[in-house]
Amino acid sequence: MNKIFKIFSGSATVSIIAIILGLIVGAIVMLVGGYNPLLAYQSLFTQVFGNTYDFGETLREITPLVLTGLAFAFAARTGLFNIGGEGQFIVGMTAATVVGIKVTGLPAIIHAPLAIIAGGLCGGLWAAIVGYLKAKRGVNEVITSIMLNWIALYLANYIVRHFLLMQGKQRSEDILPTASITIQSLSDLMNSARIHWGMLLAVLVAVFFYYFMWKTKQGYELRAVGSNPNAAQYAGMNVGRNIVKAMFISGVFAGLAGAVQILGVFHNQTVMSGSPGTGFDGIAVGLIGMNNPFGILLGAILFGTLTYGSAGMSFGAGVPPELIRIVIGSIIFFIAAQGIVRWFIKPFYSKRKKEKVL
Amino acid sequence: MDWVTTLGQLINTTLVFSTALIFGALGGIFSERSGVTNLGIEGFMMFGAFAAAVGTYYAEDAGMGAASPWIGLIAALVMGIITSLIHAVASITFKADQTISGIVINFLAAGSTLYLVKLLFDGAGESPLLKEVFNKVSIPGLSQIPIIGEGLFHNYPTTYIVIILVFVTFYVIYRTPFGLRLRAVGEHPSAADTAGINVNRMRYIGVMISGALAALGGATVTLTTTSTFAHNTISGQGYIAIAAMIFGKWNPLGAFGAAAFFGLSQALRTYVTLFPWAHDIPQEFIYILPYLLTIIVLVAAVGRSAAPAALGQPYDPGKR
C-alpha cells in the first residue's frame, strides 16, 4: 500500500495545483463572458451531489472513463500511443450488443458475463491489429488507430442496421434481460439512476492493471519495452510480441468500457452519426491520471464529475456547458507543462528553504 | 451520363473535399519537420473554422460584401497563429509532452469555440448562416479544356491557394536555407545548435506556421462547405490530415497525394450511387473503403514511416 502511495505522491502536489489552476482559468473565462463563476461552480457541485439520482448518474458517467483511461495508460506504459480507444470502445459495444440480442436461452449468470467477455475480447483483437501491424511492418500506430476508429464506426452501424435493427427505429432491439448488468435494487434505491456491475468491474480492472504491470514478469517486460525497446531486445525480450500484447490488453479495457455502456446503461445500440467520444476522453483521463491506475480512478472521477456537473452550470448560472472542456483542457495543460506549475509554486518553496537555512 | 463531364466533376469534388485536408497536412509538416509533434491539427482547424465564421459574419455586418470571406480567412490565419502559441509555449519553452499538448489544443478548441459562439450569438448552438462565402472561380481559357478544365480550373479560390502552397512548401522546405534549418532542428537539434541555429526559435516558427495553415484549412470548411460554424463543422478532418501527413512521409507532395486520395474516396461516395450496380453495396462499406485502403497501402508499400529523428523530444542543450 505504501508503494501505491509512493507511485504518485511525487506528482500529487502538481496535479492538485493543476486542477486548481484549471478551475481558475475556467473562472476567468466565465468572468470575461459576464457570468458568475462562484454561482456556476456551486451549481456544478449541487448538480452532482444534490440528490441520489444525479449522484448515481455521475457514477454512471465516470465508469466508462475509468476503463478507457486505463486502456490509454496501459498502451502508454509500453510506449505506444493508443489513439484508437474510440474504435475499440465501439467494437466492444457492438460485440456486447450482438451477444446480448442474438445469444438466447442462457441464464443471466452466464449470458451477461459472456456478453462482457465478448466485448472485451473483440476490443482487444481490434487493438491487436494495430499492434501486429506495428510489430511486423513498422506501420505507425497512430495512423492505423485513426483509420480503425472510422472503420469501427461504420462497421458497427452496418451491423446494427442490417442484423439488429428494431423495426422503424434508428437503433437496435433491446438486449435480452438476461444480458443486462443493471443492479436493479440499487437503481431503484437511487430513483432509477443507471447503476450497474460495470462500476465494480472498472475498479477491479484498475487493480488488475496495477498488479499486472508492477507485480508480474510480463508487466516488467511491457514496461521495459516501453522505456527502451532496444535495451529490452538486447536483454532477450521479444519486442514485437510485447507490443501486440500491450495493444491487446489495452483494447480489452476499451472494449469492456463499450460493453458495460450497452449492457448496463443503454441496453441497445443506436446507429451513430458520429463517434461517441468516450475513447478520446479516455486519453484525457489517462493524462490527468499520469498513466497510473489509481491516478486514473481519480482522474475519471474528476472528469466525470465535471462533465456531468456542467449541465448544472447551464441551469444554475446560464454558463454554456462547453466551458467545462476549457477547464479540463487547462488542467491537462498544467499537468503536462509542469514547468509552469513549478514556476508558480517556486516562490513558496524557496521561501521555505531560506527559513531552514536561517 | 456523359463520362467526360462526370470525370471532370469527380476531380472537382475531390479537390473540394481535400482542400482542408491538404492545408492541415501541410501545417503538420511545418511543425513536425521542426521536431514538434502536432496532434492539435484538429483543434487548430476548429479555431480556424470558428474565426472564419465570426470574421466573415462581422465583415458582412460592416457592409464589406464580397470581401467578407477574405476577412474571415485572415481572421482564421491570425487565430491559428495566436492559438498555436499555446502549443509552442507548452511544448518548446516548458518542455511539456508534445502529444499531450496537442490533445490539450483539441480540448480547448472544442470548448472555447462553442462557448464563444453561445456568448456572441445569444446562446445559439451555431454561428448565423453566412451570406457571403467563396464561390467557384473559372480560370478563363484553361477551364475550357475537357475533363481537367472542369476538374482543376473551375474551383474555389482556397483550392487554388492550397495547391500553390503545396509547391511553395516543397520549395521552402527542400530548397531554402530556412527549410534546411527547419529540417535540421527536427533531425538533430544539437548539431543544428552547434551550427549556430536557434533551435527553439525555429521550432516556434514551425509551430506557428503549422497553426496558421491548419486554421486556414478549417476556414475553408466554413467558407466553402458549411457556411456556418457548429460543433460538427470539424469532426475528424484534423486527424485525417495527420494521417495524410504520415502517409505522405512528411513530404508536401506526398501529403498532397494522400490528402487527395482521401478527398477522392469521399467524392466517390457521392458518385458511386449514380451507378446501378452500386446500389447493392451497403453504404457503410463504401464509407469504410478509404480507411481500409490506407491501411492496406501502408502495409503493402510504405512500411516503416520516416519521421523526423528528433520528433517529440524537447530540445535540452545539456543532454548529449
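In what follows, every chain begins at residue 1, and chains take the letters A, B, ... in the order their sequences are listed.
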Of B/Ile240, B/Thr294, B/Leu292, B/Ile288, the one forming a side-chain contact (heavy atoms from CB on, under 4.5 Å) with A/Trp150 is B/Ile240
Relative to chain A, which segment of [X] carries a heavy atom at a distance below 4.5 Å: side chain, backbone, both, or neither?
{"X": "B/Ile86", "result": "both"}
{"X": "B/Ile103", "result": "side chain"}
{"X": "B/Thr113", "result": "neither"}
{"X": "B/Ser235", "result": "backbone"}

What residue in [options] has the most heavy-atom pairs under 4.5 Å with chain A?
{"options": "B/Ile100, B/Ile242, B/Asn106, B/Asn232", "answer": "B/Ile100"}
{"options": "B/Ala244, B/Ala243, B/Ser91", "answer": "B/Ala243"}
{"options": "B/Gly111, B/Ala109, B/Ser101, B/Ala110", "answer": "B/Gly111"}

Looking at every non-hydrogen atom in both residues, tell me the closest pair between [X] and [Y] and how far apart they are.
{"X": "B/Ala96", "Y": "A/Ala336", "answer": "CB-O, 3.4 Å"}
{"X": "B/Ala90", "Y": "A/Phe333", "answer": "CB-CE1, 3.3 Å"}
{"X": "B/Tyr115", "Y": "A/Gly33", "answer": "OH-CA, 3.9 Å"}

Inter-residue atom distance B/Asp97.CG - A/Leu287.CG, 0.5 Å rounding: 7.5 Å
Return the CG to CD1 distance between A/Asn140 and B/Ile246, rounded to the nearest 0.5 Å. 4.0 Å
Chain B contact via [X] - which portion, at a heavy-atom distance below 4.5 Å:
{"X": "A/Ile151", "value": "both"}
{"X": "A/Ser273", "value": "neither"}
{"X": "A/Val29", "value": "both"}
{"X": "A/Ile146", "value": "side chain"}
{"X": "A/Ile129", "value": "neither"}
{"X": "A/Ile283", "value": "side chain"}

Contacts of residues 40-50 of chain B with chain A (heavy atom under 4.5 Å): none
Quick check: does any side chain N or O of A/Arg325 sit under 3.5 Å from a backbone N or O of B/Phe107, one acting as donor and the other as acceptor? no
Are the side chain of B/Tyr239 and the backbone N or O of A/Met147 linked by a donor-acceptor pair below 3.5 Å? no
Quick one: salt bridge (Lys or Arg N to Asp or Glu O under 4.0 Å) partners of A/Glu322, sequence neighbours excluded? B/Lys118
Kindly check if the number of other-residue, nucleotide or ligand heavy atoms within 6.0 Å of CD (A/Gln233) is above 12? no
Heavy-atom neighbours of A/Tyr132 OH exceed 12 at 6.0 Å: no
Please tell me if the side chains of A/Tyr154 and B/Ile286 come closer than 4.5 Å, counting only heavy atoms from C-beta onward. no
Non-hydrogen side-chain atoms of A/Ser330 and B/Leu108 separated by less than 4.5 Å: yes
